[in-house]
2 protein chains.
Amino acid sequence: MSKASDIAYETIKSLIFRNEIRPGQQLKEEDLAIKCGVSRTPVRDALVRLEADFLVEKRDNQRSFVADPSCDDIDDLFALRAMLEGHAAARAAERMTPALVSDLRNCLKIIERDQSVSVFLDHNAKFHQIILLAAGSKRLVSMLERLISQAVVHHTANAYSPEQISKSIAEHRELTDAIEHGDADWARAVITGHIRRAFHVYSQRVRTLGVSLDETAA
Amino acid sequence: MSKASDIAYETIKSLIFRNEIRPGQQLKEEDLAIKCGVSRTPVRDALVRLEADFLVEKRDNQRSFVADPSCDDIDDLFALRAMLEGHAAARAAERMTPALVSDLRNCLKIIERDQSVSVFLDHNAKFHQIILLAAGSKRLVSMLERLISQAVVHHTANAYSPEQISKSIAEHRELTDAIEHGDADWARAVITGHIRRAFHVYSQRVRTLGVSLDETAA
DNA sequence: AAAGACAATTTTGTATACAATTTTCTTGAA
DNA sequence: TTCAAGAAAATTGTATACAAAATTGTCTTT
């Protein structure tokens, strides 16, 4: 990750996640190049990738803007995630190995011991990553990573309360059981519910605050 | 599509589909630039896009190669397609409008009247496109278009016999009925079967010929 | 004022030069 | 011969200059 192109990609993504550039705002190659400390060429490479991630949108006039997902978009995003993660979990269950189960249990152990939010976020991501890799489909990996990299998903995690975190941990435990039993349908059902719940935590919070999380986080 | 970057993208994709560059073969930016009649800069843009399409693979040593999907990859590809197209058809059924149904029936009419292979291929693609757009999810569109743009999918269509084409048309007719009734589950079931059948036509042909279609097409 | 034409500015697109890296070739020692 | 080291060639990565396109501002005409 020493190449200028990767630096640009990570830097811009981080700027978007940290809300230093807002949804709907125009992205100018020259500005970004200065912010990233590289030339326009790697910035352009990065923009192409970010567009594939749905984080940046290139309009007809050739200008790039930070994506500003509508409510429908967000609903759609979670629906797709539920479907794809369900598929991944089912495949992981079908391909279950003792090594996989022990990886998952290790991950769980760390979360359960130290119930801090940051540890939870880290290992929650790692947990899903293990399942995704176990599913053994590079296309699925690529598609899901694109969905998960959405700003909304990133913000959702911060909306979890302690009770919701412990509920989430319980779901992870059940998912591990399902995979250990090689029960694809069970695994799919658990994770689908898991994602659906994340969606409702998110939309509940948006309704309560009456604003988008993007604005609150700024 | 007058920009050099789009020319490069389409040209390289066409070279891959026409098997003028073979799976596994290395892609050199300079060579491609000459073949496309543009400079290396737009070729690099195109390669990034083709990589996202899984048509080109960039290895650790930074060299790009034409993707060479294994049997498992192909199996995986069809499974993902079946799932995503199923989802698209279900959503299209839920959002059914008379205009949508009439679009589909028009498309069908053209295929039924002129049962030539090229017309079938054209309007088969158009038919799926209509459903995809009706599903109203830009992320789904992007993901499915990437899967459909695979060389394998491209080659599958050419493997259809007249009987298989008429069977395929019948499935399209049933799918239209399902959507007209707004029956999401029915629509999903029909299209899932449709894709699965395409998969078996493909793998049957590969087994019969004893070689990959890539080799026969060259 | 309002609309249109056109110049000035900004922004993106492409080509090219050069730097960095990887691969290939050559040479020499064990 | 085999292997390693290092030079040479090939290839990719980045910066920059300039071309093309889009946007903005200004002036004129009505």
Side-chain angles (χ1 to χ4, degrees), chain A residues 1-16 19-68 138 142 145 149, chain B residues 1-16 19-68 138 142 145 149:
Chain A
M1 215 274 284
S2 68
K3 291 175 316 189
S5 165
D6 291 336
I7 292 171
Y9 177 75
E10 294 298 338
T11 305
I12 297 169
K13 194 150 130 177
S14 162
L15 286 172
I16 293 173
N19 260 290
E20 295 183 27
I21 31 185
R22 298 301 200 77
Q25 193 175 328
Q26 185 175 354
L27 294 168
K28 296 170 190 176
E29 297 179 358
E30 190 64 43
D31 288 358
L32 294 174
I34 294 167
K35 278 207 181 83
C36 299
V38 297
S39 83
R40 269 180 57 215
T41 308
V43 166
R44 285 175 61 78
D45 282 2
L47 286 179
V48 173
R49 284 202 266 165
L50 290 164
E51 211 184 335
D53 291 344
F54 305 105
L55 280 171
V56 163
E57 180 188 2
K58 190 160 216 167
R59 303 224 253 262
D60 322 336
N61 46 342
Q62 307 293 67
R63 265 71 177 162
S64 298
F65 298 82
V66 178
D68 190 4
K138 65 181 181 189
S142 150
E145 275 178 351
S149 80
Chain B
M1 218 275 284
S2 68
K3 291 175 317 187
S5 165
D6 292 337
I7 292 171
Y9 177 74
E10 294 297 339
T11 305
I12 297 170
K13 195 151 129 177
S14 161
L15 286 172
I16 294 174
N19 261 290
E20 295 183 29
I21 31 185
R22 298 302 200 78
Q25 193 175 328
Q26 185 175 352
L27 294 168
K28 295 170 191 176
E29 297 179 359
E30 190 64 44
D31 287 358
L32 294 174
I34 293 166
K35 277 207 181 83
C36 299
V38 298
S39 84
R40 269 180 58 215
T41 307
V43 166
R44 286 175 60 79
D45 281 3
L47 286 179
V48 173
R49 285 203 266 165
L50 290 164
E51 210 184 336
D53 291 344
F54 305 104
L55 280 171
V56 164
E57 179 186 4
K58 190 161 217 167
R59 304 224 253 261
D60 320 334
N61 46 344
Q62 309 292 68
R63 265 70 178 162
S64 298
F65 298 82
V66 179
D68 190 3
K138 64 181 180 187
S142 150
E145 276 178 351
S149 80

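Basis for what follows: all heavy atoms, side chains included, without hydrogens, waters or symmetry-related copies. All values derive from a computational prediction rather than experimental measurement. A note on names: the letters A, B, ... follow the listed sequences, proteins ahead of strands, and every chain is numbered from 1.
In this structure B/Asp53 satisfies the side-chain hydrogen bond (donor to acceptor under 3.5 Å, both in side chains) test together with B/Tyr9, sequence neighbours excluded. For B/Asn61, the side chain to side chain contact (heavy atoms under 4.5 Å, CB included) criterion is met by B/Arg59, B/Arg63, not counting sequence neighbours. Under the rule for a salt bridge (charged side-chain N to carboxylate O under 4.0 Å, His left out), the partners of B/Glu29 that lie at least two apart in sequence or sit in another chain are B/Arg40, B/Arg44. Residues that satisfy the side chain to side chain contact (heavy atoms under 4.5 Å, CB included) test with A/Thr41, not counting sequence neighbours, are A/Ser39. Taking B/Gln62 as the reference, nothing meets the side-chain hydrogen bond (donor to acceptor under 3.5 Å, both in side chains) condition, with sequence neighbours excluded. Applying the side-chain hydrogen bond (donor to acceptor under 3.5 Å, both in side chains) test to A/Glu30 and every residue at least two apart in sequence or in another chain returns nothing. Residues passing the side chain to side chain contact (heavy atoms under 4.5 Å, CB included) test with B/Glu20 are B/Leu15, B/Arg18, sequence neighbours excluded. Residues that satisfy the salt bridge (charged side-chain N to carboxylate O under 4.0 Å, His left out) test with B/Lys58, not counting sequence neighbours, are absent from this structure. Taking A/Lys28 as the reference, A/Gln26, A/Asp31 meet the side chain to side chain contact (heavy atoms under 4.5 Å, CB included) condition, with sequence neighbours excluded.
A straight line from CG of B/Asp6 to P of D/dA20 spans 18 Å, rounded to a whole angstrom. At whole-Å resolution of the value, CG in A/Leu27 and P in C/dT12 are 9 Å apart. Atoms CD (B/Glu30) and P (C/dA17) sit 11 Å apart, rounded to a whole Å. In this entry the distance linking CZ of A/Phe65 with P of C/dT12 reads 9 Å, nearest Å. We find that NZ of A/Lys28 is positioned 8 Å from P of C/dT12, with the value rounded to whole Å. What separates CZ of B/Arg59 from C1' of C/dT21 is a distance of 17 Å, to the nearest Å.
Rounded to the nearest 0.5 angstrom, A/Ile16 CD1 and A/Leu50 CG are separated by 5.5 Å.
No side-chain donor-acceptor contact under 3.5 Å links A/Ser14 to the backbone of A/Glu10.
Within residues 35-58 of chain A, the residues approaching DNA chain C are A/Arg40, A/Arg44, A/Lys58, by heavy-atom distance under 4.0 Å.
Comparing B/Asp31 and A/Ser5 against DNA chain D, the residue whose closest nucleotide sits nearer the 5' end is B/Asp31.
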Contact list (N/O, under 3.5 angstrom) for nucleotides 22-24 of chain D vs protein:
{"unit_1": "D/dT23", "atom_1": "OP1", "unit_2": "A/Asn61", "atom_2": "ND2", "d": "3.0"}

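In this structure, the helix from C/dA1-D/dT30 to C/dA30-D/dT1 shows an angle of 10° between the axis at its start and the axis at its end, each fitted on 5 base pairs and rounded to 10°.
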